[in-house]
Amino acid sequence: MRPDGGDPEPDDYGLPRVDVVVPDDARELERDMAAYHREERRRRRRARVRRLARPVTRFGVAIPIIAGALLVALLSGVLMTAFGPRPVPRPTGAQLAPRPSASPGEIGGLLPDREVGTGADGDVPTSLRDLRPGVIGIVPPAYECESVVADLAARTWQYKLNFWLVADPRPAPGKKATPLKDLKACAGTAHGGTPLILEDRAGVLAAAYAPAPGTPGPTGTGLTAVFVQPDGVVTEIVRGPRSGAELNGRVESLGTGY
């Protein structure tokens with residue numbers, strides 16, 4: 001370049017003169033070469049990332065959302081399999097006892113010869129005498145779900161028995177009958193077995209086995225458990241049962257016949 005800052009004078013070929021410094025030793029270029037190679041490595045990494053991300057970015061956020069939904073569904077299925085309610089055995093094919101020792105509705109007798117509602121909405125009529133073998137839990141008005149419900153569900157499932165829940169529809173002073181949705185919610189607290197829901201609008205079961213609504217104490221506010229053998233005979237009625245060895249023994253006796 002000219003010292004006065006003007007245009008450089010052309011060389012013999014008509015090209016402007018350019019001041020180029022050529023180092024005497026090639027080692028002086030090592031720093032520039034290292035910087036060049038670093039930049040090349042960064043460029044290749046960016047290109048590799050773009051190639052890997054291209055299938056995802058091509059569809060925007062759709063692929064990550066779908067992958068997340070599939071993962072959640074998979075985890076939900078695993079958890080439901082491990083901790084969800086287990087199916088309940090079907091009723092036995094055993095014959096009804098031809099000559100029970102007591103009248104229907106009493107210990108030693110068959111269940112009353114009436115029908116109740118079964119199914120999710122209690123709209124499937126079923127004979128009471130088909131509810132065997134197993135335990136029928138009658139809940140009083142304004143029932144507050146107890147842990148014994150989950151315990152009975154687990155124990156009956158263990159011995160291949162059924163467990164039903166039914167609300168007492170009879171009026172009580174200042175209390176309303178437990179609605180079907182609350183009964184289902186109480187059944188949902190059981191994880192070792194699945195209680196089945198009954199709807200006894202006429203109160204046949206409650207009138208035969210449960211204490212009168214408004215009875216004070218645990219007997220009147222707790223569950224009434226009716227134990228039914230495979231032949232349809234009621235062996236025990238336990239009012240206000242509590243979880244423990246005694247209750248477990250009763251369920252075991254019903255399941256094993258001893």
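Only a predicted model underlies this, so the values are computations on that prediction, with no experimental measurement involved.
Shown are Arg242, Glu146, Arg239; of these, the side-chain contact (heavy atoms from CB on, under 4.5 Å) with Pro218 is made only by Arg242. The side-chain hydrogen bond (donor to acceptor under 3.5 Å, both in side chains) with Glu40 is formed by just one residue from the set Arg42, Arg43, Arg38; it is Arg43.
When all heavy atoms of Val204 and Pro112 are compared, the closest pair comes out as CG1-CB, 3.7 Å. Here the shortest heavy-atom pairing between Tyr143 and Cys145 reads CE2-CA, 3.6 Å. Across all non-hydrogen atoms, the minimal contact from Gly108 to Pro100 is O-CB, 3.5 Å. Listed here is the closest heavy atom pair of Gly214 and Pro173: CA-CD, 4.4 Å. The two residues Ile107 and Thr235 make their nearest non-hydrogen contact at CG2-O, 3.4 Å. The heavy-atom pair separating Gly222 from Pro140 by the smallest distance is O-CD, 3.4 Å.
A 4.5 Å side-chain heavy-atom check between Pro133 and Val228 finds every atom pair outside the cut-off. Looking at heavy atoms from C-beta onward, Leu196 lies out of side-chain contact with Leu165 at the 4.5 angstrom threshold. Taking the side chain as every heavy atom from C-beta outward, Val135 and Val226 never approach each other to under 4.5 Å. Using a 4.5 Å cut-off on side-chain heavy atoms (C-beta onward), Thr194 and Trp157 make no contact.
In this structure, Thr178 has no side-chain hydrogen bond (donor to acceptor under 3.5 Å, both in side chains) partners at least two apart in sequence or on a different chain.
Ion pair Glu246/Arg250 flagged as a salt bridge, since at least one NZ, NE, NH1 or NH2 atom sits closer than 4.0 Å to an Asp/Glu carboxylate oxygen.
The backbone N or O of Leu205 lies less than 3.5 Å from a partner atom in the side chain of Asp200, making a donor-acceptor pair.
Hydrophobic clustering, with ILVMFWY side chains joined whenever heavy atoms are under 4.5 angstrom apart, keeps Leu110 apart from Val166. Tyr209 and Val233 end up in different hydrophobic clusters when Ile, Leu, Val, Met, Phe, Trp and Tyr side chains are linked at under 4.5 Å.
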For this session: Start with the C-alpha distance between Arg45 and Glu39, add both sets of side-chain angles, then the distance that settles salt bridge (Lys or Arg N to Asp or Glu O under 4.0 Å), and finish with yes or no.
Result: CA-CA 10 Å; Arg45 281 197 298 269; Glu39 182 60 30; over 6 Å; no
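Taken to the nearest 0.5 Å, the CG atom of Leu128 stands 10.0 Å off from the CH2 atom of Trp164. We find the CD1-OG1 distance between Ile237 and Thr224 to be 8.5 Å, quoted to the nearest 0.5 Å. Taken from CG in Asn248 to OG in Ser253, the straight-line distance is 10.5 Å, to the nearest 0.5 Å.
Counting only residues at least two apart or in different chains, salt bridge (charged side-chain N to carboxylate O under 4.0 Å, His left out) contacts with residues 169-179 comprise Asp168-Arg170. Applying the salt bridge (charged side-chain N to carboxylate O under 4.0 Å, His left out) definition to pairs two or more places apart or across chains, none involves residues 94-117.
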